[in-house]
Amino acid sequence: FKEVLADTSGGICPSRILCADWQTYAPMWYIPNYIDSPRYLAARATVMPDPDSITIGYGSSLSHLPSFKKSGMLEALRRVFLGSRFRGNDGGGKKLRFVLAGDKRLYDLLPIPAVQKIYQPYVRWTDWPSVLARFDLTLAPMVGRYDASRSHIKLIEAATMGIPIVASPSPAYQDWIDAGVGIYVSGDGGDEGGEKERTESWEETLVAAISQLEYHKEAMRGDRVRELAASWDIGVGVSEIERVYTEIIKRG
């Protein structure tokens with residue numbers, strides 16, 4: 001890969017960290033993941049979460065297996081779902097449930113009673129916004145160098161849909177952390193040690209997010225978050241993509 005990259009006029013990555021990693025072998029440009037907002041907003045307007053439940057949702061490929069296992073989130077979910085505070089519901093009559101969209105092997109890892117977890121198989125990218133719209137709260141566990149090199153797609157999706165998101169404080173999400181958008185566990189999302197501490201932080205943060213869910217929903221649907229999400233729309237980003245491609249072509 002290094003040899004092939006060295007023969008190119010340049011490369012693009014949706015991660016500043018990856019751009020820095022590969023800059024030694026070829027000129028690199030950062031092009032963030034943009035979003036096709038109309039598809040997401042249409043789903044948000046037509047699909048609603050179950051009013052009788054609080055649905056915590058997560059969707060990804062199997063590449064997030066280490067994120068699940070090392071972030072501390074799995075044990076935190078077990079404590080939240082089985083603990084006295086949320087034993088089957090939120091204390092206000094709503095059932096607490098978890099929807100895992102994607103790889104069945106991630107679903108099987110969830111230490112949650114079978115009656116409280118739902119498996120959603122993979123869907124086409126065109127249908128994903130309608131799945132996401134069913135969530136009251138979504139998650140983004142991240143840990144280690146590999147995850148730090150990912151894009152910010154989960155944050156931009158949540159912001160566009162107005163869904164509260166609990167996330168690890170990963171460098172991939174730094175733009176959103178700086179903007180104060182999202183609910184973040186404490187600690188270093190890039191540190192592969194300290195699982196006990198991260199578990200406790202995930203548990204505390206999830207409990208607080210569920211307990212104050214309506215507040216967080218209102219915050220995620222505010223004008224400031226909408227404007228920030230709109231700045232990552234593909235309609236806005238296409239001119240920057242065109243500029244970068246043009247520059248690469250000129251380099252020959």
Side-chain angles (χ1 to χ4, degrees), residues 43-44 47-125 127-143 147 150 153-155 157-158 161-168 182-185 189 195-196 198-214 216-217 220:
R44 171 177 157 176
V47 180
M48 301 295 171
D50 180 351
D52 297 323
S53 302
I54 290 180
T55 302
I56 302 174
Y58 179 83
S60 79
S61 68
L62 192 61
S63 69
H64 273 283
L65 184 59
S67 316
F68 258 46
K69 288 185 172 181
K70 296 182 178 180
S71 66
M73 186 189 73
L74 283 176
E75 172 60 16
L77 286 171
R78 188 191 69 80
R79 295 179 186 179
V80 169
F81 274 77
L82 297 179
S84 59
R85 179 75 179 270
F86 298 117
R87 194 180 298 271
N89 62 67
D90 70 333
K94 289 191 174 185
K95 298 176 182 178
L96 195 62
R97 64 181 186 175
F98 195 100
V99 173
L100 190 289
D103 199 287
K104 179 67 161 52
R105 286 166 288 186
L106 291 178
Y107 170 85
D108 292 338
L109 287 175
L110 292 170
I112 297 171
V115 295
Q116 288 182 273
K117 62 180 182 178
I118 299 168
Y119 175 58
Q120 166 65 60
Y122 284 113
V123 296
R124 291 175 57 84
W125 61 273
D127 298 323
W128 168 241
S130 294
V131 174
L132 187 61
R134 294 161 50 197
F135 300 168
D136 291 294
L137 180 69
T138 188
L139 310 178
M142 304 271 266
V143 63
D147 280 353
R150 295 182 184 273
I153 188 64
K154 281 185 167 46
L155 265 293
E157 286 183 329
M161 297 290 278
I163 300 172
I165 182 168
V166 177
S168 301
I183 309 163
Y184 297 94
V185 300
E195 288 183 39
K196 178 182 177 182
R198 285 200 300 273
T199 294
E200 293 173 353
S201 181
W202 267 100
E203 180 185 8
E204 293 171 2
T205 307
L206 283 171
V207 167
I210 295 168
S211 301
Q212 304 172 38
L213 187 58
E214 292 307 315
H216 290 298
K217 282 186 175 182
M220 282 297 280

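All values below come from the heavy atoms of this structure, side chains included, with hydrogens, waters and symmetry mates left out. Remember, predicted model here, so these are calculated numbers, not experimental data.
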Rounded to the nearest 0.5 Å, what separation is found between the [atom1] atom of [X] and the [atom2] atom of [Y]?
X: Leu77; Y: Leu206; atom1: CG; atom2: CG; answer: 6.0 Å
X: His64; Y: Ser71; atom1: NE2; atom2: OG; answer: 10.5 Å
X: Arg198; Y: Glu195; atom1: CZ; atom2: CD; answer: 5.5 Å
X: Leu132; Y: Asp127; atom1: CG; atom2: CG; answer: 12.5 Å

(message) Determine whether Thr55 and Ser53 satisfy the following criterion, side-chain hydrogen bond (donor to acceptor under 3.5 Å, both in side chains), listing intermediate values before the conclusion.
(response) CA-CA 6 Å; Thr55 302; Ser53 302; 5.2 Å; no
Looking at every heavy atom in both [X] and [Y], which two are closest together, and how far apart are they?
X: Val47; Y: Ser130; value: CG1-O, 3.6 Å
X: Val166; Y: Ala209; value: CG2-CB, 3.9 Å
X: Ser60; Y: Leu106; value: OG-CD1, 3.6 Å
X: Phe81; Y: Leu96; value: CE2-O, 3.6 Å
X: Lys117; Y: Leu110; value: NZ-O, 2.9 Å
X: Pro141; Y: Met73; value: CG-SD, 3.6 Å

Are [X] and [Y] close enough that some pair of their side-chain heavy atoms sits under 4.5 Å apart?
X: Phe135; Y: Met161; result: no
X: Leu213; Y: Pro164; result: yes
X: Ile54; Y: Leu137; result: no
X: Arg97; Y: Ile118; result: yes
X: Lys69; Y: Leu109; result: yes
X: Asp147; Y: Arg150; result: yes
X: Ile163; Y: Met220; result: no
X: Ile56; Y: Val99; result: no

(request) Could you go through the side chain to side chain contact (heavy atoms under 4.5 Å, CB included) check for Leu139 and Trp202 one step at a time? (result) CA-CA 10 Å; Leu139 310 178; Trp202 267 100; 4.2 Å; yes
Identify, with sequence neighbours excluded, every residue that meets salt bridge (charged side-chain N to carboxylate O under 4.0 Å, His left out) alongside [X].
X: Lys104; value: Asp108
X: Arg134; value: none
X: Glu75; value: Arg78, Arg79

(request) Please check if the side chain of Tyr119 supplies one atom and the backbone of Asp103 the other of a donor-acceptor pair under 3.5 Å. (result)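 No, the answer is negative, given that no donor and acceptor are paired below the 3.5 Å cut-off.
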(message) Given 3.5 Å as the limit, does a donor-acceptor pair link the side chain of Thr138 with the main chain of Gly57, or not?
(response)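 Checking the backbone N and O of Gly57 against the side chain of Thr138, a donor-acceptor pair under 3.5 Å is found.
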(request) In plain terms, say whether Asp52 and Lys95 are close enough for a salt bridge, that is, a side-chain N and a carboxylate O under 4.0 Å apart. (result)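 Answer for the salt bridge query: no.
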(request) Could you check whether the rings of Tyr58 and Phe68 sit parallel, tilted or perpendicular, using 30° and 60° as the cut-offs? (result)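 Rings of Tyr58 and Phe68: tilted, as their planes differ by 30° to 60°.
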